[in-house]
**Q** 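Quick one: the structure is below, questions incoming.
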Amino acid sequence: MFKDVALGQYYQASSFVHRLDPRFKILALIAYIVAIFLSENFYGLGMCALLLLLTIAFSKVPLGKVIKAVKGILFLLVFTAIIQLFFYKPNENAVVWVKWWVITITDQAVFFTLFLLLRLSLLVMVASMLTYTTTPVSLTDGLESLLTPLKVVRFPVHELALIMSIALRFIPTLMEETERIMNAQKARGADFESGGLMKRAKAVVPILIPLLISSFRRAEELGDAMDARCYAGSKVRTKYKKLTFSWRDLLAFFIMAALVTGVVLFNVYLGGVV
Amino acid sequence: MYIEVERLSYSYNPTSPSAYALKDVSLTIEEGAFFGIIGHTGSGKSTFVQHLNALITLPTAEKKFKPKKGVAYPSIRIGDFDLADKHTDWKALRSKVGIVFQYPEYQLFAESVKEDVAFGLKNFSQTPLTPEETEAHVKEALTAVGLNYEEVKDASPFDLSGGQKRRVAIAGVIVTKPEILVLDEPAAGLDPLGKREIMGLLHSLHRSWCKTIVIVSHDMDEIGENCTKVAVFADGELKFLLPPSELFLHDEELEALGLDIPTTAKVRRALKERGISVDTDFTSEDFARQILALGGRHV
Amino acid sequence: MKALEFKNVSFSYRKAEEGKTSSFAVKGVNFSVEEGEFVAVLGHNGSGKSTLARLANGLLEASDGSVEVFGVPLSEQKNLFSVRKNVGIVFQNPDNQTVASIVEDDIAFGPENIGVPREEIGVRIEESLAAVGMSEYKERMTSALSGGQKQRIAIAGVLALKPKIMILDESTAMLDPKGRREIMQVVKKLNKEEGMTILLITHFMEEALMADRAIVMNRGEIVMQGTPEEIFERHDELETYNLALPPIGVLWKKLEEGGMPVGYALTPEDLAEEIAKCISKSSA
């Protein structure tokens, strides 16, 4: 049941995208998200989509894997689509396509819904691309490095980064464990699929409690293991992985800058989606 | 109840059929057997066990199943239960085929031992049981696993020792009186004494409680000492299906699969190299008897 | 030189209550391990053997007595770091010792903590992985490894700190026989080829056979000491400490009790040799 969860997974490959500096990738992700939200028409979004496709192609990550990420928010997409289709308030230029009972669907509503769906899908796909092409450790290294200025105000940057990397490291372990406990309780007749909300909520208890208890045990053992390996915070710590900007990052930077500029120009010269 | 498995194949990733977890496995486990399953991690034995309880369902039992012509679909029959039929009552099946997974103590969750053991009972019973009935069943199950009911019933399962926790977990599975009890590595992580106690417990359950016992194990000595018949899995295939007395004659083939052989089989081989042949069923009891007979013949 | 020395060490997890003496996990323990020696500590679950490991590198502090590593007492706080660097521990659960998702990043964790320069960390990663035979796994995900491989990575993670003593705290208990063999091979190699001092804590008698010396713990106290052969010869005593003979020992005992004068044997080869001798004698 957890095989569909795409976010937070790394896809091992050696590619242009994989080798980009994680700091740059995080900043690029932010720039990309800004570009998506700045876009007011399909041209801008189309450019974003094109860049995403190019990125996927250069990253050697199979397209199917990236699309899987969208599957994860399918419910959200359908929900948004329905709301938008029925409740979008069209202006006076709208053409009515469907009129039945209290439901009115206009051309504007359809375009706007499609626009929104594309926007959300792109968001999820680009975010999954970051985790697919960046190991959790370099991701946290990148974050740590970007957040370093916050150390001045005594923000525990190093600790936060470590917590994140450990959390990411334990995701597969805990998922495996959840599945194991679920199987064991199913074999004892537990039923997670039928009944009302209350019954289902109650059914989760026999999974949650063992999972919590084992997480505490794991935390304790991990703490010992870290102590035994001389962990004592960030004071004397060195870093094995050094982050360096290279020509790749420079090239990618110009592409990102072009994207954002392009989106703004499209907005100015081609107008909104409706 | 017997178990009859035919043509069982399974892949976790249907798009790349090379990654088969199980390949065309057919076997029968007779009622009353103390059956052993051997294989490395990843040999398919866990996947096999999950099928017995419909935790993994057969393709023909899927909701959206559409039959294709000319395909021989796998089938599993356990007593009267047809696991290839989607209309089979899985809950009824699971109450008759109990599975104790690896490290079962990690599935304990209730506030008290008696509540935890009663969990399966409550889930499986068609009509709600009275508190007296529940208590009677729970008491019986806890006694069967060698615990003192009065001492442990109100204790938190998390305050017990490792060995006791495991016994409580087993009680939580046998409380519904399954006819077949499947245990994945029942002795894993225990010290030698704990191991010996758990195997002793299984033998007493086999005589008094569950007709058929199936254990999955890495420990060849354990298998050789206890089982009446053994299935050996490797790379998703069933390589051997023999009683230990015949299986361990294939010592070289087993070792080629990266598996161990029991100590008795090792000594037997070393003796053979010295020109002494021993005919044994590979239990240490019988092996010692045969050797003593050899030594005594000439006295 | 003595690598590790316990001088009359006691430890209690709970603060000692009035009149209660039974709460000691370790009580009055005296023993030492020579540099380069391979010592096995045997005991059933709850005998206090794992507490020894935690006392040996300062994860726990002795309530009484002192623990010394190369003659330096652990009790002084300023020594703790340099001692931990010298005494590496590999724990039981393969899933709960890795901090990073990628093998090389996990191995780097220890050296990073003690401030090893970047270039040297790279070298240490290569060396440690080579020592456990997992060089080609450098960039793999730790979660996708087998139990035995995870434990080898845990050993490599400890080796990267360049310890002089390696403690294995039931590191094979959760592994299958294949994984167990892998670990024992690595441990043996480290001891024989690198001269690493090994303290192997286990309840598998078969593993103790590889050691130079074995110590048996019961109820927090050392009850037996000697070569593995000497220990196993006193098998009746072992059983009173809730320790069971390995299968080969069981077989040997059955033969002896059946009246066959087999000499003591700990491997199938040796036992077969002894049996052959007995049979040819009786036929002569």
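Nothing here was measured: the structure is a model prediction, and the numbers come from that model. The figures here come from the full heavy-atom set of this structure, side chains too, leaving out hydrogens, waters and symmetry mates.
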**Q** So which heavy atom on B/Thr263 is nearest to which on C/Pro247, and how close?
**A** OG1-CB, 3.3 Å
**Q** So, taking the atom named NE2 in B/His218 and the one named CZ in C/Arg180, what distance separates them when rounded to the nearest 0.5 Å?
**A** 8.5 Å
**Q** With a cut-off of 6.0 Å (strictly less than), are more than 12 heavy atoms of other residues, nucleotides or ligands near NZ of C/Lys178?
**A** no
**Q** Measure distances from B/Lys272 to the heavy atoms of chain C and classify the residue's part below 4.5 Å as side chain, backbone, both or neither.
**A** neither
**Q** Which heavy atom of B/Arg196 sits nearest to which heavy atom of C/Ala244, and what is that distance?
**A** NH2-CB, 3.1 Å
**Q** Could you look at B/Leu259 and say if it's the side chain, the backbone, both or neither that has a heavy atom under 4.5 Å from chain C?
**A** neither
**Q** If you measure from CG on C/Asn45 to CG on B/Leu193, what distance do you get to the nearest 0.5 Å?
**A** 9.5 Å
**Q** Nearest 0.5 Å please: distance from the CD1 atom of B/Ile291 over to the CD atom of C/Glu274.
**A** 12.5 Å
**Q** To the nearest 0.5 Å, what is the distance between CG (B/Asp221) and CD (C/Glu206)?
**A** 8.0 Å
**Q** What part of B/Leu271 lies closer than 4.5 angstrom to a heavy atom of chain C: side chain, backbone, both or neither?
**A** both
**Q** If you look at every heavy atom in B/Arg274 and C/Ala276, which pair is closest and at what distance?
**A** CD-CB, 3.9 Å
**Q** Distance from C/Ser146 atom OG to B/His40 atom NE2, nearest 0.5 Å?
**A** 10.5 Å
**Q** Could you tell me which non-hydrogen atom of C/Ala272 sits nearest to which non-hydrogen atom of B/Ala270, and how far apart they are?
**A** CB-CB, 3.3 Å
**Q** Evaluate whether atom CD of B/Glu285 has more than 12 neighbouring non-hydrogen atoms of other residues, nucleotides or ligands under 6.0 angstrom away.
**A** no
**Q** Answer with side chain, backbone, both or neither: which region of C/Glu273 has an atom nearer than 4.5 Å to a non-hydrogen atom of chain B?
**A** both
**Q** Go through C/Leu245, C/Leu271, C/Thr202, C/Ile248 and name the one with the most non-hydrogen pairs under 4.5 angstrom from chain B.
**A** C/Ile248
**Q** Are more than 12 heavy atoms, taken from residues, nucleotides or ligands other than B/Asp279, located less than 6.0 Å from that residue's CG atom?
**A** no
**Q** Would you call C/Glu269 and B/Glu273 a side-chain contact if the rule is heavy atoms closer than 4.5 Å?
**A** yes
**Q** Drop me the distance from B/Leu292's CG to C/Glu256's CD, to the nearest 0.5 angstrom.
**A** 11.5 Å
**Q** Side chains of B/Val267 and C/Ile275, heavy atoms from C-beta outward: is any pair under 4.5 Å?
**A** yes
